[in-house]
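Structure first, commentary second.
Here the structure is a predicted model, which is why all the values come from computation and not from measurement.
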Amino acid sequence: MTSITIALILVAGILCQWLAWRVKLPAIIFLLSCGVLAGPVLGWLDPDLLMGELLFPFVSLSVAVILFEGSLTLKLREIPGLEKVIRNMITLGALITWAITATATALLLGFAWEIACLFGAIMVVTGPTVVMPMLRTVRPRESVANILQWESILIDPIGAILAVLVYQFIVAGGAQGGVAAGALVFGKIVLIGVGLGAGGGYLFGLLLRKYWVPQFLHNIIALALVCGVFALSNLLEAESGLLTVTVMGVWLANMKGVDLDEIMDFKESLSLLLISVLFILLAARMDLSAFLALGWPALGVFLVIQFLARPLSVQASALGSGLSMAERHLLSWIAPRGIVAAAITAVFAMKLGALGYEDAPQLVPLTFMVIIGTVLLQSTTARFIASRLGVAEPEPRGFLIVGANPVAQAVGLALQENGYRVLLADQNWSAVRDAKLAGLPAYWGNPVSEHAERNLNLVGIGHLLALSANVELNALAAQYYRLEFEPMRIFSVRNWPRKDGVAVEKSAFRYGGRVLFDDEVAYRDLKRMFRQGGEIRRTALTREFTFADYLADASTHRLPLFAIDGDEGIHVFTPDADFTPREGWSILALTREADRADSDGEEKT
């Protein structure tokens, strides 16, 4: 039965992740519901009986792997334009949240100050696993989305380190019987954590940089090293392992010349699996009677966290910034808690409970109450609040353009000049460099790679324009992003003139995207038109000058590219376009003077 139970937990966890992806809600909601239903409600799952003495080591090692994977994202040098407000939020803001939460917990629930301070430190973390799904649903203004995204990535390891250090200080003070002795043990923990973590990270990074480890062993060695360093650190000083693996991940992330892409992919998948299993197991251990016994004071702690601690930390962090009050209000509302908070709480509660701290077992239901409250409240209301504040995008109107060639640059510049976000992606460095010199955001790399999936910021982007000269890349991009964008918003330029017959059927792609602009125009035609002096112009339609008049004007040769409606919504011209431009709309078209076109022998493209 044990093997069947473990298999069912794995299947249930993955189903919860899939359901969360389908409905675009944080997976925590479904994982917690599954765990509570299987555990305290129906009595089907008893994690302590299932795993026995292995439960605590499994949770500890899982948290170590999750923290290591999270710390690998802490690449400060790669964060473009790290804003002052972000730095403030992960330092000053974290301290404010910690102090207010600890004070409220001690005063409202009567917890000992040591336990209250630990809970306050745990509540500092948010986490990208809950923030990113919420951002996809809320679609806030780009500035707000960027701050929330980077805060969640940075605060996870920082908050975890803070919680670990507070816990270690509690244990040290209780075991040694004095502040001085506790401070000494605390110093040993910091010394071992930082020294062993930095040393392990440096040695592993050196092995990777010198190619002394075959590529097929990178992932396995990384996992073994995390577990080994974690165990060694705990052997040298109890409970210092979490700090050690976090420092090791941060060191690796910021070490030059070390390729971590495959390791991050492996760790991300492993972390996703561990997160799914941990949430179900930890939720199944929850005592509903203890949860209910917290009563109204626990609700008061939640309200303080949501309506006092977070707003004050954001407002203090945003002083002197260019953020509007509406943006600050939305930042003050969104701060869901996630897996790191739940997992670390379970570990600390078990340890402190064994040491005789009476309030420690109550940390678990209190943490789960805050997790459930923040996720449910914020995920169901954030979109409405963002819309009322005027900081929500009505829809993702931006464009991801595959290719940074002259055609893609010209289209990108025209869109950008008319207020639409664009992001170009190309493997050709010279093309990317030219695009950046022209003032266009551009990503250097394969747009369908795993690196692009992690590093492309698609907030505010809802269209794909495949404008590469490579037909296979265009088709692959259309296929790759069909789950990210709506099928009707994926477009690909023809790479050769349309022809009928078997040859076309044999070269057609099932998910190649909608044909861009005109059925008779291929990429080479667009390139030639720009080379011969064509430019993209915007023309307004009026009652006197309709779209039919626009097309009938013989003084210029026009290829309509985009139509902009009265609400600044944008529509892409295709052979099967389902819209008709009307009064109040504008047309973006590739335009050449008729006499120039005739002299070049280009009667009509």
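Scanning for side chain to side chain donor-acceptor pair (under 3.5 Å) contacts around Glu114 gives an empty result, with sequence neighbours left out. Every residue two or more places apart in sequence or in another chain was checked for a side chain to side chain donor-acceptor pair (under 3.5 Å) with Ser317, and none qualifies. Residues forming a side chain to side chain donor-acceptor pair (under 3.5 Å) with Arg337 (at least two apart in sequence, or on another chain): none. The side chain to side chain donor-acceptor pair (under 3.5 Å) search around Asp46 returns none, not counting sequence neighbours. For Phe58, there are no ring-ring contact (aromatic ring centres under 6.0 Å, His included) partners, not counting sequence neighbours.
Between atom OG1 of residue Thr381 and atom CZ of residue Arg383 there is a gap of 12.5 Å, rounded to the nearest 0.5 Å. In this structure, CD1 in Ile86 is found 8.5 Å from CD in Glu151, a value given to the nearest 0.5 Å. Put simply, CD1 on Ile115 and CD on Gln362 are 10.0 Å apart, with the number rounded to the nearest 0.5 Å.
Each of Ile371, Leu363, Leu366 was scored for a side-chain contact (heavy atoms from CB on, under 4.5 Å) with Thr345, with one residue passing: Leu363. Checked against Cys16 for a side-chain contact (heavy atoms from CB on, under 4.5 Å), the options Val11, Leu31, Leu32 give a single hit: Leu31.
Contact of the Phe279 side chain with the Phe368 side chain is registered, since non-hydrogen atoms from C-beta on lie closer than 4.5 Å. By the 4.5 Å heavy-atom criterion applied to side chains, Ile122 and Leu118 are counted as neighbours. Inter-residue side-chain proximity for Leu312 and Leu308 is flagged as met; some heavy-atom pair is nearer than 4.5 Å. Residues Ile147 and Met89 meet the side-chain proximity criterion, which asks for heavy atoms closer than 4.5 Å. Contact of the Val65 side chain with the Leu223 side chain is registered, since non-hydrogen atoms from C-beta on lie closer than 4.5 Å. Inter-residue side-chain proximity for Phe30 and Leu15 is flagged as unmet; no heavy-atom pair is nearer than 4.5 Å. At a threshold of 4.5 Å between non-hydrogen side-chain atoms, the residues Thr105 and Met123 do not count as touching. Leu50 is listed as a side-chain neighbour of Ile9, based on a closest heavy-atom distance under 4.5 Å.
No donor-acceptor pair closer than 3.5 Å links the side chain of Asp359 to the backbone N or O of Phe111. A donor-acceptor pair under 3.5 Å is formed between the side chain of Arg310 and the backbone N or O of Leu331. In terms of modelled atom types and a separation under 3.5 Å, the side chain of Gln378 and the main chain of Ala335 share a donor-acceptor contact. Using a distance-only test at 3.5 Å, with no hydrogens or angles considered, no donor-acceptor pair links the side chain of Tyr481 to the main chain of Val448. With hydrogens and angles ignored, the 3.5 Å screen pairs a side-chain donor or acceptor of Ser313 with a backbone N or O of Ala309.
Atom CZ of Phe384 is surrounded by 12 or fewer heavy atoms from other residues, nucleotides or ligands within 6.0 Å.
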For the pair Leu207 and Tyr202, evaluate side-chain contact (heavy atoms from CB on, under 4.5 Å) and give the outcome as yes or no after the intermediate values.
-> CA-CA 9 Å; Leu207 291 176; Tyr202 174 77; over 6 Å; no
Ile280/Leu45 under side-chain contact (heavy atoms from CB on, under 4.5 Å): CA gap, chis, key distance, verdict = CA-CA 9 Å; Ile280 293 177; Leu45 177 61; 4.0 Å; yes
Would you sort out whether Val124 and Leu95 count as a side-chain contact (heavy atoms from CB on, under 4.5 Å), showing the intermediate values?
-> CA-CA 8 Å; Val124 164; Leu95 292 176; over 6 Å; no
Residues Phe204, Trp251; criterion side-chain contact (heavy atoms from CB on, under 4.5 Å); working and verdict | CA-CA 10 Å; Phe204 184 52; Trp251 188 281; over 6 Å; no
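Between Ser33 and Ile29, the shortest heavy-atom contact is OG-O, 2.7 Å. Scanning all heavy atoms of the two residues, the minimum distance from Ala425 to Leu400 falls at CB-CD1, 4.4 Å. The nearest pair of heavy atoms linking Val375 to Pro336 is CG2-CB, 4.1 Å. Closest heavy-atom contact between Phe230 and Ala64: CD1-CB, 3.7 Å. Taking both residues in full, the closest heavy atoms of Pro297 and Leu109 are given as CB-CD2, 3.5 Å, listed atom of the first, atom of the second, then distance. The shortest non-hydrogen separation linking Gly201 to Leu252 is O-CD2, 3.3 Å.
Ring centers of Phe119 and Trp98: at least 6.0 Å apart, outside the cut-off.
Applying the salt bridge (charged side-chain N to carboxylate O under 4.0 Å, His left out) rule to pairs touching residues 4-16 yields nothing, sequence neighbours excluded.
Donor-acceptor pairing under 3.5 Å is lacking for the side chains of Thr5 and Trp44.
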